[in-house]
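Proteins come first, then strands; the chains are lettered A, B, ... in the order of their sequence lines, and each starts at number 1. The analysis underlying the following values was restricted to heavy atoms, covering all of them including side chains, and did not include hydrogens, waters or symmetry mates.
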There are 2 protein chains.
Amino acid sequence: MLHYQNRINSFLSKQIEASSNENSRLKQSMQYSLLSGGKRIRPLLVYATAESLKINLDTADYIAAAIEMIHAYSLIHDDLPAMDNDDLRRGKATNHIKFDEATAILAGDALQSLAYETLANTPADAPNVVAMIAKLAQLSGIVGMAGGQSLDLMAENKNIGMADLQKIHAAKTGALLQACVQLTTELKNNLADDCKIKYHLFAEHLGVAFQIVDDILDVTQDTETLGKPANSDTKNKKATYPSLLGLQNAKDQADHHINKAYHLLENIEFNTDMLKQLTALILQRNH
Amino acid sequence: MLHYQNRINSFLSKQIEASSNENSRLKQSMQYSLLSGGKRIRPLLVYATAESLKINLDTADYIAAAIEMIHAYSLIHDDLPAMDNDDLRRGKATNHIKFDEATAILAGDALQSLAYETLANTPADAPNVVAMIAKLAQLSGIVGMAGGQSLDLMAENKNIGMADLQKIHAAKTGALLQACVQLTTELKNNLADDCKIKYHLFAEHLGVAFQIVDDILDVTQDTETLGKPANSDTKNKKATYPSLLGLQNAKDQADHHINKAYHLLENIEFNTDMLKQLTALILQRNH
């Protein structure tokens with residue numbers, strides 16, 4: 001996976017460098033968060049889907065970068081004092097600590113703009129590009145990521161059940177992981193509907209498993225391993241899979257969704273080796 | 001102009017209603033700012049350009065709405081405590097006062113997403129839609145609106161000269177006004193380059209005049225007339241055209257750019273009556 005991580009890091013670096021001729025404070029702030037490493041799970045998911053469908057990686061670069069920019073903007077805004085108020089991200093000071101709140105807000109805003117500019121530049125047929133843009137906007141907006149973050153904040157200090165928790169996570173985390181697969185399948189003309197559905201269902205199960213593992217890591221790993229504050233869900237009085245189901249049941253649920261994800265991949269007629277490897281990575285990660 | 005204001009208000013209302021089935025706090029917050037009236041100068045500029053080029057208004061609706069959504073998101077974020085810290089906007093409580101800071105940040109974020117979703121749905125040829133999206137993203141991002149706001153914040157409490165002031169305004173306010181004209185001309189296939197340039201130069205002069213008038217109103221009108229705090233530039237120690245040039249010279253500068261704008265319109269071979277009316281309105285406004 002290192003090859004693909006290097007690939008996206010290099011592409012992101014070029015995109016942000018080209019975004020402005022001036023080395024302004026805003027640009028530095030955008031670079032700080034966008035190029036701070038991270039596991040790059042979303043780009044990996046884009047590349048893995050592209051490899052499966054034999055879509056040119058030079059095209060997939062733009063999708064991977066646009067989605068990672070959306071992810072980076074959401075992390076900057078989520079970390080703000082008015083939101084999760086976190087000081088640490090990927091083992092480094094969060095954007096508003098390193099710079100200032102106003103710059104962090106604007107860096108997030110400008111990264112969202114850059115995501116759409118990048119996606120609009122995808123070397124692909126215009127109708128497909130328009131469809132990808134509409135989908136990313138939907139999955140990251142009010143019914144997707146931003147809406148999920150709002151529900152998540154409102155659920156703090158409240159007793160919520162599994163149905164609400166699933167709804168929050170499907171929007172807050174699931175939607176953008178879905179975007180990785182859905183945007184990429186959009187580029188494969190003549191892909192049979194039932195095959196497309198398998199890819200999308202795979203992304204759905206992967207997203208749920210990803211979030212459960214995230215919740216589990218928050219209570220089982222320390223701050224140094226995570227690169228962000230451990231036990232932050234408990235601190236913010238957030239309902240999680242372990243808090244609602246207990247740790248063992250949460251692990252079983254993660255296994256259940258991972259198995260569903262694998263099963264779907266095995267029934268896809270294209271080569272899904274990289275998607276399988278990525279699924280394994282997500283389950284086995286420790287941060 | 002009332003006809004067009006009603007038209008965009010009705011279209012925006014439908015778009016935001018359709019954005020989500022649930023009447024969530026986030027949706028209410030987005031509606032609160034997007035449907036709070038305002039002069040709708042940017043949509044009017046889109047419609048006036050569309051009328052001039054005989055572009056279907058049912059198509060122009062999407063451009064007008066997308067740009068107004070970007071404008072609305074920028075106002076919500078600009079008003080935040082970490083930025084301009086304003087309590088009053090269009091005679092009403094600002095978004096973070098009415099709701100809360102986290103909701104205001106997310107409402108801005110989701111309005112930006114909705115802008116691109118709306119623009120992606122424009123009933124026009126896909127290559128033109130892609131070009132419009134790339135342009136809006138550029139003009140509202142790091143080299144446009146967001147970059148200008150960042151420069152503006154950094155210039156507070158500093159002695160800056162006219163060159164810096166012009167640069168800040170061209171990005172912060174001018175870029176989005178440019179977008180109104182540039183996106184709309186993008187839809188006119190086979191428009192001669194020299195004619196397109198006249199439209200774009202017109203928008204440039206209009207943008208400068210608009211900002212000078214804005215600076216003048218801040219020091220000459222009271223809070224009730226403005227619907228936002230008067231003298232906020234002085235309070236925030238911001239350089240303005242009147243503070244750098246004196247009030248009369250600033251007025252003369254505004255006249256100069258308005259005259260340039262009129263002159264360009266008179267040399268365009270299409271009907272520019274509505275563009276002229278709008279230019280007059282912008283100069284004569286008192287809030």
Closest non-hydrogen atom pair between [X] and [Y], with its separation:
X        : Y        : answer
A/Met83  : B/Ala102 : SD-CB, 3.8 Å
A/Val130 : B/Ala126 : CG2-O, 3.8 Å
B/Asp109 : A/Tyr73  : CB-OH, 3.3 Å
B/Ile142 : A/Ser20  : CD1-CB, 3.9 Å
B/Ala134 : A/Glu117 : O-CG, 4.1 Å
B/Ser19  : A/Val143 : O-CG1, 3.2 Å

Which bit of [X] is near chain A, if near means a heavy-atom gap under 4.5 Å: side chain, backbone, both or neither?
X        : answer
B/Leu153 : side chain
B/Thr103 : neither
B/Leu80  : side chain

Query raised in the report: Can you tell me how far OG of B/Ser113 sits from CD1 of A/Ile133, rounded to the nearest 0.5 angstrom?
Result: 13.0 Å
Query raised in the report: When rounded to the nearest 0.5 angstrom, what distance separates CD1 in B/Ile105 from OG in A/Ser150?
Result: 11.5 Å
Considering residues, nucleotides and ligands other than [X], do more than 12 of their heavy atoms fall under 6.0 Å from its [atom1]?
X        : atom1 : answer
A/Asn189 : CG    : yes
B/Lys98  : NZ    : no
B/Glu22  : CD    : no
A/Asn159 : CG    : no

Requested in this report: Look at the aromatic rings of A/His77 and B/His77 and report parallel, tilted or perpendicular, splitting at 30° and 60°.
Outcome: perpendicular
Requested in this report: Find the one option among B/Ala115, B/Ala110, B/Ala82 whose heavy-atom pairs under 4.5 Å with chain A are most numerous.
Outcome: B/Ala82
Query raised in the report: Looking at B/Met30, B/Met145, B/Gln138, which has the largest count of heavy-atom pairs under 4.5 Å with chain A?
Result: B/Gln138
Report task. Please examine the side chains of B/Leu26 and A/Gln149, heavy atoms only from C-beta on, and report whether any two atoms are closer than 4.5 Å. Result -> no
Query raised in the report: Do you know which of A/Met154, A/Glu101, A/His96, A/Gln112 has the most heavy-atom pairs with chain B at a distance under 4.5 angstrom?
Result: A/Gln112
